[in-house]
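Proteins come first, then strands; the chains are lettered A, B, ... in the order of their sequence lines, and each starts at number 1. The figures that follow rest on heavy atoms only: side chains count, while hydrogens, waters and symmetry mates do not.
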2 protein chains.
Amino acid sequence: MPDAFWQPPSILLAVDLVILTLRSSKLHVLLVERGIEPYKGEHALPGGFLNNVDEGILAAAQRELREEANLDASQLHLEQLGAYGDPGRDPRGRIVSVAYLAIAPGLPEPEAGADAAGASWKPVEEIDSGRLELAFDHRWILADGIERARTKLERSSLATAFCNEPFTIAELQQVYEAVWGVELDPRNFYRKVQGVPGFIIPVGAERRTTKGRPARLFRRGQQTVLHPPLSRPNPLTTSEAN
Amino acid sequence: MPDAFWQPPSILLAVDLVILTLRSSKLHVLLVERGIEPYKGEHALPGGFLNNVDEGILAAAQRELREEANLDASQLHLEQLGAYGDPGRDPRGRIVSVAYLAIAPGLPEPEAGADAAGASWKPVEEIDSGRLELAFDHRWILADGIERARTKLERSSLATAFCNEPFTIAELQQVYEAVWGVELDPRNFYRKVQGVPGFIIPVGAERRTTKGRPARLFRRGQQTVLHPPLSRPNPLTTSEAN
DNA sequence: AGAATAGTGTCTCTAAGACAGTATCAA
DNA sequence: TTGATACTGTCTTAGAGACACTATTCT
């Protein structure tokens with residue numbers, strides 16, 4: 001029990017970014033190679049400390065997005081994941097990190113030529129298969145970010161944040177398949193996506209150059225909450241797993 | 001851009017608790033009356049600073065749950081909501097608060113006879129109708145907590161955390177009705193709830209004393225993710241609202 | 001018997017999933 | 001024409017919602 005002379009402890013606050021995108025139909029995350037100790041040379045989520053005591057947490061996340069990933073926060077989906085503050089998560093001392101989830105469309109440049117050298121997109125599969133290790137507790141932050149994206153695809157229009165406008169329905173389907181890690185029937189996907197009012201809007205001009213029949217082009221609709229939802233295929237229940 | 005002599009700013013870290021329960025079929029939240037400035041005399045969420053630099057954030061939340069609400073964290077659902085750290089949210093300086101959502105079954109005692117005098121259950125309706133104002137940004141934290149509970153009722157067994165065991169299906173229905181703020185058809189509710197494998201388990205002994213036919217009693221099942229989900233009645237879409 | 005609460009059955013409609021078939025391009 | 005991709009239609013089944021009905025208690 002704190003007495004009259006007790007003072008609350010001071011803590012260092014950082015932000016970390018889980019930036020997801022789709023590259024060649026696979027879910028990727030932006031990682032940086034750490035230039036300083038601890039974990040020097042290892043891969044980590046981009047992030048950093050608050051600049052000063054007056055900087056907002058979201059503002060810090062937006063700044064890091066620009067500095068470390070060369071991305072413009074105003075064009076991206078950005079939401080808070082939560083605070084990660086286990087004592088001992090950072091060997092330098094008590095550091096609490098607020099993690100943010102950012103969703104970016106496929107970028108033209110392979111990676112950002114930003115301040116932080118060594119930023120690169122990595123397939124998330126390499127991390128949760130254990131082939132690629134992350135510094136600190138970033139593996140768990142990433143897992144939480146992916147899980148957040150997975151569930152939000154069902155009832156929100158988050159999937160369109162992975163796409164450059166205009167996009168085709170097949171591109172949108174690739175988003176769902178990559179994030180959920182499943183295959184979807186294109187025919188049913190077409191019907192369902194088109195049936196959600198305000199999800200995607202056909203842009204007058206159609207077609208695009210590939211092989212085969214040209215696809216209609218769409219842009220994001222105004223609706224952010226999807227009804228009916230695009231439900232994820234049944235996860236196995238514990239009783240069904242055998 | 002930080003130079004070589006730059007040091008990250010130190011910050012004070014607090015935890016705040018959104019503790020929800022059901023009292024006479026209405027959703028209630030536990031509030032304390034602040035005994036010190038700022039906002040002295042006003043209502044606020046229970047919470048407080050980290051005790052020391054080695055205390056975990058979750059541990060601090062569990063401690064506050066015990067100190068301020070006299071509740072045993074090991075018996076309760078407790079999950080993190082997120083970090084609230086806008087500069088200016090606390091007039092004492094830069095204080096970042098990590099909010100937690102706790103779900104408690106209806107307690108036998110009307111309120112906790114704990115250290116913090118003046119703790120009391122308030123209907124959440126009084127707050128978001130604006131009749132009761134909260135200190136700091138606690139109104140928004142509470143709103144986020146309620147929203148989290150609402151969405152988690154659909155796909156998780158969170159609803160049972162509001163119930164003392166054993167419980168009846170009608171009691172469980174009241175949870176859904178109070179949190180969602182809707183009326184549900186009891187007959188359809190029975191069918192759906194019973195149809196979710198592992199959600200609720202009939203405890204051998206049935207019946208209970210009321211007026212009318214005795215109700216069968218249930219306890220929580222082992223399944224935490226519900227399939228099929230209990231879907232919330234359609235929110236009006238923007239196009240439907242007129 | 002009547003009121004009250006608990007629980008079942010049945011019908012309709014929407015939406016999910018499976019899958020056949022058609023359309024429009026390039027080579 | 002063939003191959004490839006885009007898109008449409010149709011059937012079956014699961015689940016949502018509406019609502020009539022039966023069951024078991026108390027007074």
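Along DNA chain D, read 5' to 3', the first and last nucleotides having any atom under 4.0 Å from a heavy atom of chain A are D:dA4 to D:dG9.
Under the 4.5 Å side-chain criterion, counting only non-hydrogen atoms from C-beta, B:I103 is not in contact with B:T21. Under the 4.5 Å side-chain criterion, counting only non-hydrogen atoms from C-beta, A:V179 is not in contact with A:L20. The closest side-chain heavy-atom distance from A:R216 to A:I169 is not below 4.5 Å. Counting only heavy atoms from C-beta outward, the side chains of A:L101 and A:L78 never approach each other to under 4.5 Å. Side-chain atoms of A:P105 and A:F162, non-hydrogen and from C-beta on, never get closer than 4.5 Å to each other. You'll find the side chain of A:V175 stays beyond 4.5 Å of the side chain of A:L158, heavy atoms only.
Atoms CG and CG, on A:D137 and A:D144 in that order, are 9.5 Å from each other to the nearest 0.5 Å.
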Which pairs, protein N/O on one side and nucleotides 14-16 of chain C N/O on the other, fall under 3.5 Å?
from, atom 1, to, atom 2, distance (Å)
C:dA16, OP1, A:P229, O, 3.4

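When the P atom of C:dG21 is taken as reference, atom CG of A:D185 falls 15 Å away, rounded to whole Å.
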List, one per line, each side-chain donor-acceptor pair under 3.5 Å for residues 191-200 of chain A, sequence neighbours excluded.
from, atom 1, to, atom 2, distance (Å)
A:R191, NH2, A:N188, OD1, 2.6

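Under the side chain to side chain contact (heavy atoms under 4.5 Å, CB included) criterion, A:A44 pairs with A:R34, A:A135, A:H138, not counting sequence neighbours.
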- Note on the structure: In 5'-to-3' order, the base (B), backbone-only (S) or no-contact (-) status of each nucleotide in nucleotides 2-7 of chain C, using a 4.0 angstrom heavy-atom cut-off, is --BBBB
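Residue pairs meeting the side-chain hydrogen bond (donor to acceptor under 3.5 Å, both in side chains) criterion with at least one member in residues 151-161 of chain B, sequence neighbours excluded: B:E79-B:K152.
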